[in-house]
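Right, one structure below, let's go through it.
Basis for what follows: all heavy atoms, side chains included, without hydrogens, waters or symmetry-related copies.
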Amino acid sequence: NVRPYIKFYEDLESNLSYADVLMSYVQGEFKGHSLHDSLYNPSQKSTWWMAVPLKSNSSVWKEYWFNAGGEFLVWDSINIYTLYSDKSVQEQRTGRMMARSEWKAPVHPNYFSVRLEPGDSALVLLAMTNYDKAHLTPDQLYFEAIDFQKELQANLTERFTVGLFLGILS
């Protein structure tokens with residue numbers, strides 16, 4: 001469970017680079033979830049950065065799938081920077097402003113994965129932008145590990161059922 005370790009940072013002007021935000025993280029400027037009441041302000045055009053430390057307890061490499069935001073909150077843009085213990089950085093992009101074919105997972109634009117080798121650790125920094133701030137609440141900012149295969153199966157089953165039902169109606 002990574003939730004207790006998640007920290008947030010608000011880029012008020014939406015103009016900070018990954019390096020700027022990493023420095024803010026190192027300097028302890030990221031804060032816990034409860035400090036972000038300003039998410040209720042729809043006039044702000046902030047980018048929200050989320051920092052999530054990860055550590056693999058597996059004896060084999062593992063791909064961890066995550067959902068950044070929940071089922072009903074879809075971010076316009078999510079830039080994902082994974083800083084591994086060997087100092088390498090993997091960059092990914094997803095979000096509803098991208099073509100569906102470019103999403104990291106076919107079931108939802110908030111999903112992405114991080115691959116960790118046995119015993120490896122990483123810091124995941126997410127830059128999340130949503131142009132319709134009126135619908136954001138602090139409870140909607142979260143990060144969870146998901147069972148991607150189970151999620152994909154449920155999504156395909158739901159689509160098949162709806163298609164079958166619509167086919168019977170027509």
Side-chain angles (χ1 to χ4, degrees), residues 1-56 63-85 87-116 121-148 151-152 155:
N1 182 12
V2 296
R3 281 190 184 199
Y5 306 103
I6 297 173
K7 301 285 184 189
F8 294 93
Y9 182 79
E10 183 179 13
D11 174 5
L12 293 169
E13 303 296 322
S14 293
N15 63 358
L16 295 178
S17 70
Y18 158 76
D20 296 332
V21 172
L22 181 59
M23 184 60 64
S24 295
Y25 178 80
V26 169
Q27 294 173 347
E29 296 176 16
F30 276 61
K31 303 297 177 206
H33 182 270
S34 62
L35 300 178
H36 293 286
D37 296 324
S38 59
L39 281 173
Y40 289 115
N41 185 349
S43 65
Q44 287 183 312
K45 301 300 178 201
S46 302
T47 294
W48 287 94
W49 287 81
M50 184 186 297
V52 184
L54 301 175
K55 176 138 179 67
S56 172
E63 187 167 25
Y64 298 89
W65 281 91
F66 299 98
N67 177 358
E71 190 172 332
F72 301 108
L73 172 67
V74 180
W75 292 97
D76 291 337
S77 172
I78 305 174
N79 292 334
I80 304 135
Y81 303 90
T82 305
L83 176 63
Y84 291 95
S85 57
K87 306 295 184 219
S88 64
V89 178
Q90 177 193 15
E91 295 183 40
Q92 301 179 65
R93 265 184 66 101
T94 191
R96 74 174 167 195
M97 299 304 274
M98 295 178 65
R100 188 179 190 104
S101 62
E102 296 176 352
W103 291 358
K104 299 301 167 197
V107 295
H108 203 284
N110 287 356
Y111 290 8
F112 69 95
S113 68
V114 174
R115 179 182 168 147
L116 289 178
S121 60
L123 175 66
V124 180
L125 288 174
L126 295 95
M128 302 174 296
T129 305
N130 203 359
Y131 303 107
D132 184 10
K133 297 276 194 238
H135 300 295
L136 282 179
T137 66
D139 291 341
Q140 290 174 312
L141 269 184
Y142 77 95
F143 185 85
E144 67 176 352
I146 58 171
D147 181 341
F148 181 69
E151 197 75 21
L152 182 60
N155 186 278

For Glu102, all residues meeting side-chain hydrogen bond (donor to acceptor under 3.5 Å, both in side chains), sequence neighbours excluded: none
Option passing side chain to side chain contact (heavy atoms under 4.5 Å, CB included) with Leu126 (candidates Val52, Thr47, Ile6, Asn79): Val52
Nearest-0.5 Å distance that lies between atom CE in Met97 and atom CD1 in Ile78: 13.0 Å
CA sep, side-chain torsions, deciding dist, call: Tyr81, Leu22, side chain to side chain contact (heavy atoms under 4.5 Å, CB included): CA-CA 10 Å; Tyr81 303 90; Leu22 181 59; over 6 Å; no
Residues Asp11, Ser14; criterion side chain to side chain donor-acceptor pair (under 3.5 Å); working and verdict: CA-CA 5 Å; Asp11 174 5; Ser14 293; 5.1 Å; no
Exceeds 12 heavy-atom contacts within 6.0 angstrom, atom CD of Glu13: no
Gap between atom CZ of Phe112 and atom CD1 of Ile80 - 0.5 Å precision: 5.0 Å
Nearest-0.5 Å distance that lies between atom CD in Glu29 and atom CE in Met23: 10.0 Å
Audit row: Leu125, Leu83, side chain to side chain contact (heavy atoms under 4.5 Å, CB included) steps and yes/no: CA-CA 8 Å; Leu125 288 174; Leu83 176 63; over 6 Å; no
Parallel, tilted or perpendicular, as decided by the 30° and 60° cut-offs, for the rings of Phe8 and Trp48: perpendicular
Separation of Lys55 NZ from Ser85 OG (nearest 0.5 Å): 8.0 Å
Aromatic ring pairing Phe30/Tyr25, orientation class (parallel under 30°, perpendicular over 60°, tilted between): perpendicular
For Met128 against Met50, the heavy-atom pair lying closest together: CE-CE, 3.5 Å
Any residue meeting side chain to side chain contact (heavy atoms under 4.5 Å, CB included) with Tyr84, in chain and number order, not counting sequence neighbours: Thr82, Asp86, Ser88, Gln90, Val114, Leu116, Asp120, Ala122
